[in-house]
Each structure stands twice: as structure tokens, then as C-alpha cells.
Amino acid sequence: MATMDISRLVRSDYDRVVAVETDSAGRAVLFRRGTDDVVTREIMPFQPWLLVSGPELARALKDTSEITPLRGDGMHRVRVSFPSWSAYEDAVKDLKDLTGMNPSAPLAPYRLFTDKAQQILTMLPARLFRGMAFQDLRRMQLDIETRTADGFHFPDALRASDEVLLVSLKDSTGWECCLSVAQAGEAAMLKRMLELIQERDPDVIEGHNIFNFDLDYLDKRCKRHKIPFVLGRSRRPTFARSSRFTAGERTATYKRYDIYGRHVVDTWHLVQLYDVAHRDMDGHGLKPAARYFGVAAENRTYVAGNDITRIFEEDPETLMKYCMDDVRETDALSRILSPSYFYQAQLVPYSYQSCITRGNATRIDALLCAEYMQANASLPIPQQAQPLQGALTEAQHSGVFQNVWHVDVRSLYPSIILARGMCPAGDSERAFGRILGELRNFRLAAKDAMREASGHEKENYSALQGSFKILINSFYGYTAFSQGTFNDYVMANAITREGREILGSMRDFLQDAGAIIVEMDTDGIYFTPPPGMTDQAEMERRVQAILPPGIEVELDASYQAMYGYKSKNYALLDWDGRVSVTGAALKSRGLEPFQRRYMMEHLTMLLTGREAELPALYERFETDIREHRLPLKDFAKREILSMAPRLYAEKLAAKATKRSAAYELALQAKKEYLQGDSVEFYVTGDKKNVSVVGNARLLEEADEQQRDENIPYYLDKLAQLKAKFAEG
DNA sequence: AGCTCTGGCCGGAAAT
DNA sequence: ATTTCCGGCCAG
């Protein structure tokens, strides 16, 4: 199918590349997995490069090999290349001295691309994995179990008495293996593990929390035994450094490992990225994630963290099974979550590993900059951030409504950009709209192909179209990305303004037709149809008729009933009797579980016309709380530490933040809490009005036998909850 | 070292 | 006791 040819979208002169690296001479090293499944190493001529603002600055640099003028009037209009990485590094130093500016300064007259893989992929040009399907990738899963010395609660690789007990390995060919320290000691086991990785020669090494735990631990144990920690191809050493990972509102620091010729994929990252979009997971650990995705092995062996050492001594077979189940689950999670990034790596000039750890807008930036370099076009510099008005939201009515329809605009912002032919001010090559349009067409083709395919093929098309959907929707966000080379705040404002106008005109039309608008947000409206209107297709046609060309609506769902609470907060009853709840006020993870449960039951009664049962529901909860019938967990709030507890302490001392129970508890806790960790705690005391700071206990430090939850406090919360729904 | 955006609800702490 | 502000979490 011609439209499904990804090479039309972005050029790559090489197929089946699984990794790119550099050698000291500055050349590019391509690792390619042939159709015979053998990996070859090829050296390609390549010269490290950077951009400067003009020929004078270019000529001021020493040891350059090529100076290429770039067309157009962007700020960075000359590309300079160098015979080696050391010449490049020297030039970077000289540029700092010559200009007196750091590369990160907004007006610096030079620009660096510090990611070497990006430099190579951009210029060759090449992209990873072209001509390959996800199944062609050789993925290896790794998991270790460790001994925690008596008297300690958590593993510590630096403690002499701790050690690796088991290493489980598995790869995508079906090969599996479990090494034990009991066979010949830790040093021999580590050496064998390193040998096996060389033999199996995976393109990707996967694990759950592999960056912060397994690799770090193995690294430290290898150092102790003076075994070189060589995981890379060509027996290259492994590098680690501190880095940060962002998923939605939370960032986590992690120890980033770079393994020569391979990629490291942490399924913990994949799970968090997934949950940013879905926000319905119970936790991001391997076990909850495996259960969530329905891939937990049946009769799976579970071993609690603090039992590992004991079980290893008493029943090593059981621990080995447990460890094997872990790598199998890691593989299963990866098979679900990583294909989307595999396909993005075919487009974006980043390594596969970077496609996962870096944000959507950054990937789009890399894509656009690469197009410019291919066209020998100059690059603009980002606009300074300006205020941006967002979407239109209204909750017009609260309360229960019967027979509610939902209409929404398909891909609102991308459609506006394409329909109006919008183009960022700095995009002289008009690459933004062209790539967006091609991505959209490609996605539609992939969706069509998905419908016709089956098995692996269907999954592949599904991953392909799904990952393009995410990229496509990020194009709007990119226009307001402060570091985006082609950001444009005027355009961003024009996009949202037209979005508000479109949604507003749909609202006016529906109201004039006699519909009742319950709630609307950004690109969709929930409403009760005008009296006498029963034909959804006809309604869709009428709404469509008032919209400009290129803007398509879809009357995609209807519901038995809807309870509108406030903006972005509502509950729906579908025709099969299922209730779904939307909005932070109704289902936030920050709410105590008993509140969430009460709300769910209360809302279900409201939606199904069982208001008469509400008093009994309330009484049941009241009694349960009063008589300690609920587990302590039901009173625990969960908060994620967005900064390191130590940083909180500093900010508090400087009066730069307010006191917070979660951080105070984390600081006092027996275990060490880090940024990104979640803290579960409940309120103690015996008075309704207590300050939470100073009257809270960590759930894990609680004693179910000596209950101390604050009953008046929680009864008051229940009363407030009831009152909340009684209004309106 | 790396980062898409705004709008909105809510609880808790501090200020009034 | 009431208001203001901030951080957390969520919708899209």
C-alpha cells in the first residue's frame, strides 16, 4: 500500500538499523539486524556538526572540515562540521569564549545538538528500525533478587553482607535462564550473566525499575568484585549518569544507563506514561501493572519483599519461579506498551531509548529540525513565552439528566491547523503543516489497514496508528512549547481561539434547537436532545452543517443518564447500566478510599433513581467508621512527592513553601523517601478540627490492632460529602 | 538535565 | 471564622 510507506514521510537511507553509536574518529557506527537475524557493525563517514549565526563566527573556529551556508533568514544559518568529536568539543569551548554566551542562552549565536544519536540520524539521514516489525527486535528482560542482611529492611548493594541471589533473563526468542548465587558464588554468577548478554546479543534490555534498581545494583556488585560492567556491543563499557524522567505532572530522577549498541527500556517508565493518559491504575509496580493489563501469570508465585532472603534459604525453587515470573510479566508489559515507541523511532531522529524518555514536543522538535538540516535550511530561535488562552469549558446545569447525548469534534486542534493552513512564523520551509498532514493521512491509512488485518499485523497497525495519534495531538502543544525551535504563540492563540469559537457555535446551535447543555469542554458537549428528536445521525448532520469545512463532528455516544456536578466533573450511566465517573473532585487518587466508595455508591443511586436508599447508605458508612469496621487503608490519602523531601525542608526553612503532612511524614519515616515516591497516610486524633500536619501517620507505620484514626474528623468528611451532593 | 499546553476543582496551611 | 494562596490531581 503506497500510502503506508513510512519512507515517504521521513527519509532514511538505511534499513534495519537497530542502534547508532560513534567512534572516536567521529565516524558513525551502525548496528543492523539483517533479515537473517545476524547483527552487523558498519562504519559510515560522518562529521560532528553544530550551527552558528554567520560565516564570520564559523571561520573563527579551528579545525573545521566543512562550512555549509543554510538558506533562509533563521538565526542559525551556517552549519559547521568537524573531523572528530574532540575537534567538535574544542569548538564548543571556543564558541563559549568567543561569544561569552552559554549554548543554553536564548540568544546564543550558536546552537548545539548534544544528543549524538540525533546528530547522526539527522545528517545521514537514517532512522532506526526501518523495514522491521516490532517482532524482529531482539528484546531481553532482566530481573534480579537480592539478599538483604539481617536487621535491614531494604537492599543496599554497597553493604558487604548484601548480594545478588538470582538473575533471571529471558528474550524475545523464547529463551529463558535463571542464575543463582548458590551455583558458584556471586562473582561467577555476574560473569556468567555478562557472558550470556553478549551471547544473546539483545538490541534492547528491559526491566521494571531497571534503571534505579537492577542496573545500579549489578553495577555496584561488579565493581566490588572488580569485574568490568560490560553490557554493550563491541565489549564497550557501560555509562551511567543522573537524569530525570517526566510523565505528566510528575518527574522522577533516575540513574540513566547508556549501553553501547543497545537500548534500555524501563517498563516502569512505560507504565507511568500510559497512566498519564488513562489515570486509572492502582499502582505502577510490576505486580499491579501486570494485573491491570491482564498479563499476570495464573498461579503466579508471589514473594513479599522482606521475605526474599528467607525464601531463598528455605525454598530456592520458589524464589526462582518468582523471579522468572517477573521477567515474563516484564516482557508482557513491554509487548503491550513499547510498540508505540518502536514505531516513533522509525520517524524521529532519536534512539529508541530516548524516544521513550523524552517528551512529545521534544520529539516533534527533533523531527522538524532534521527536515531543515536535510533541506540545508537555517533554523530560527524560539519565541519568548507569551500568555496563552486555552479552551472553552462550561458546566451549565448540575443534577441528574435522562437520555444524554455526546457530540465532539474529531481531532479539534490538528483539524484547525490543517483546515486553516496555519504555519508557525519561523517555519519558512512550511514543514510543520506538511508533516502534520502526512502523519494524519498515514494514521488514517493505518487505521484502515488495522481493520482488515488480524493477529500480529493487527496489533502492529494498532500500535502504529495509536502512536501517531499521540504525536499528532502534540503538534498544538508544540506551538506553545517555550523551547520549541518553531514555537509560535500567535499561532497557538489563534488555534485555541478558533477552538472556542467552534465549540461556542455548536453550543448556540444546540440551545437554539431546544437541547439542554449539561457540560462542555474543549471539543465536546454533553446535552439532552431537543424534545421529539430521536435520530442521532440526523442530529449529527445538523451540527455538522453549521461548521466550517475540514471540521468534522461525531455524535459518538449516548447515555441513560448523566449527573453533572461541576466543570470537568460528572458521572455517566451507560445503556448497560455501568457507571463511569470523570473529574478530580469525584475520583481523584488523592481522595481517601472510603470517600471514593461512598461517592460511587451515592452517584449510582442518583443515576438509577434510587434516591430513597441514600439515607440507609449514609448510615451504613457512619456506623462502619464509628465502629472501626473499615480497614485503615480506607482512610489513607495518597500523595506523590513532586520534590525531594530534603528540598522541601530547605524550601520550608526559606519560607518558600507551606508545611505539608506528606513531606513531614516522609522526612520522619524509617525508610528513605525520594522524589516521585508516593506517601500514604491518615489523620489521627480525636477532635474534628485538627491540623493534619502533626496529626498524621504513615499507613505503613500503622498498627491495625491499635486503631488511632480520627473518627470525628472522618465522620465530618462523610457529612460534607453528603452535603456536597445535596446542593443544586 | 531536561522540560507540550491551559482550565478547573479541591483540601489544607497560612494570613487576615 | 473567613479569605487567600498553593500544591495536587485531573480533563482535554
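All heavy atoms count here, side chains included; hydrogens, waters and symmetry mates do not. Numbers restart at 1 for each chain; the letters A, B, ... are given by sequence-line order, proteins then strands.
- Put simply, CD on Glu592(A) is 13 Å from C1' on dG8(C), counting in whole angstrom units.
- Across all strands, Tyr570(A) comes closer than 4.0 Å only to sugar-phosphate atoms, never to a base (heavy-atom distances).
- A cation-pi arrangement, defined by a distance under 6.0 Å to the six-membered ring centre and an angle within 45 degrees of its axis, is absent between Lys255(A) and Phe211(A).
- Comparing Thr393(A) and Tyr478(A) by the nucleotide of DNA chain B that holds the closest heavy atom to each, the one mapping nearer the 5' end is Tyr478(A).
- With P as the reference atom, dG12(C) and dC3(B) are 26 Å apart, rounded to whole Å.
- The stretch residues 521-528 of chain A touches DNA chain C through Asp521(A), Thr522(A), Asp523(A), each having a heavy atom under 4.0 angstrom from the strand.
- Where DNA chain B meets chain A (any atom under 4.0 Å from a heavy atom), the bounding nucleotides read 5' to 3' are dA1(B) to dA14(B).
- His406(A) pairs in a ring-ring contact (aromatic ring centres under 6.0 Å, His included) with only one of the listed residues (Tyr559(A), Phe527(A), Tyr570(A), Tyr526(A)), which is Tyr526(A).
- Although no hydrogens or angles enter the test, the distance criterion places no donor-acceptor pair under 3.5 Å between the side chain of Asp521(A) and the main chain of Lys568(A).
- Taking the six-membered ring wherever Trp is involved, the centroid distance between the rings of Tyr682(A) and Phe635(A) does not fall below 6.0 Å.
- Protein atom NE2 of His406(A) is 13 Å distant from nucleotide atom P of dA11(C), rounded to whole Å.
- Between the CG atom of Leu412(A) and the P atom of dA11(C) there is a distance of 19 Å, given to the nearest Å.
- The base of dC10(C) is not paired with the side chain of Lys587(A) by any donor and acceptor separated by under 3.5 Å.
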**Report entry** Criterion side-chain hydrogen bond (donor to acceptor under 3.5 Å, both in side chains) on Glu639(A) and Tyr663(A), from CA distance to verdict
**Finding:** CA-CA 9 Å; Glu639(A) 257 183 59; Tyr663(A) 286 98; over 6 Å; no
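- In terms of heavy atoms, Leu107(A) sits closest to Met75(A) at O-CE, 3.3 Å.
- In terms of phosphate contacts, Tyr565(A) brings no side-chain nitrogen or oxygen within less than 4.0 Å of OP1 or OP2 of dC10(C).
- Straight-line distance from the CZ atom of Arg638(A) to the C1' atom of dG7(C): 18 Å, rounded to whole Å.
- Relative ring orientation between Tyr254(A) and Phe245(A) is described as perpendicular, the plane-to-plane angle rising above 60° on a 0-90° scale split at 30° and 60°.
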Query raised in the report: Stepwise, does the side-chain hydrogen bond (donor to acceptor under 3.5 Å, both in side chains) test hold for Thr485(A) with Arg111(A)?
Result: CA-CA 11 Å; Thr485(A) 308; Arg111(A) 173 154 184 196; 2.8 Å; yes
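- For the pair Glu639(A) CD and dC10(C) P, the interatomic distance rounds to 12 Å; values are reported in whole Å.
- Among the protein residues, Ser482(A) comes within range of no part of the nucleic acid, since none of its heavy atoms lies under 4.0 Å from any strand.
- Across all strands, Ser567(A) comes closer than 4.0 Å only to sugar-phosphate atoms, never to a base (heavy-atom distances).
- Separation of the His602(A) and Tyr618(A) ring centroids does not fall under the 6.0 Å cut-off.
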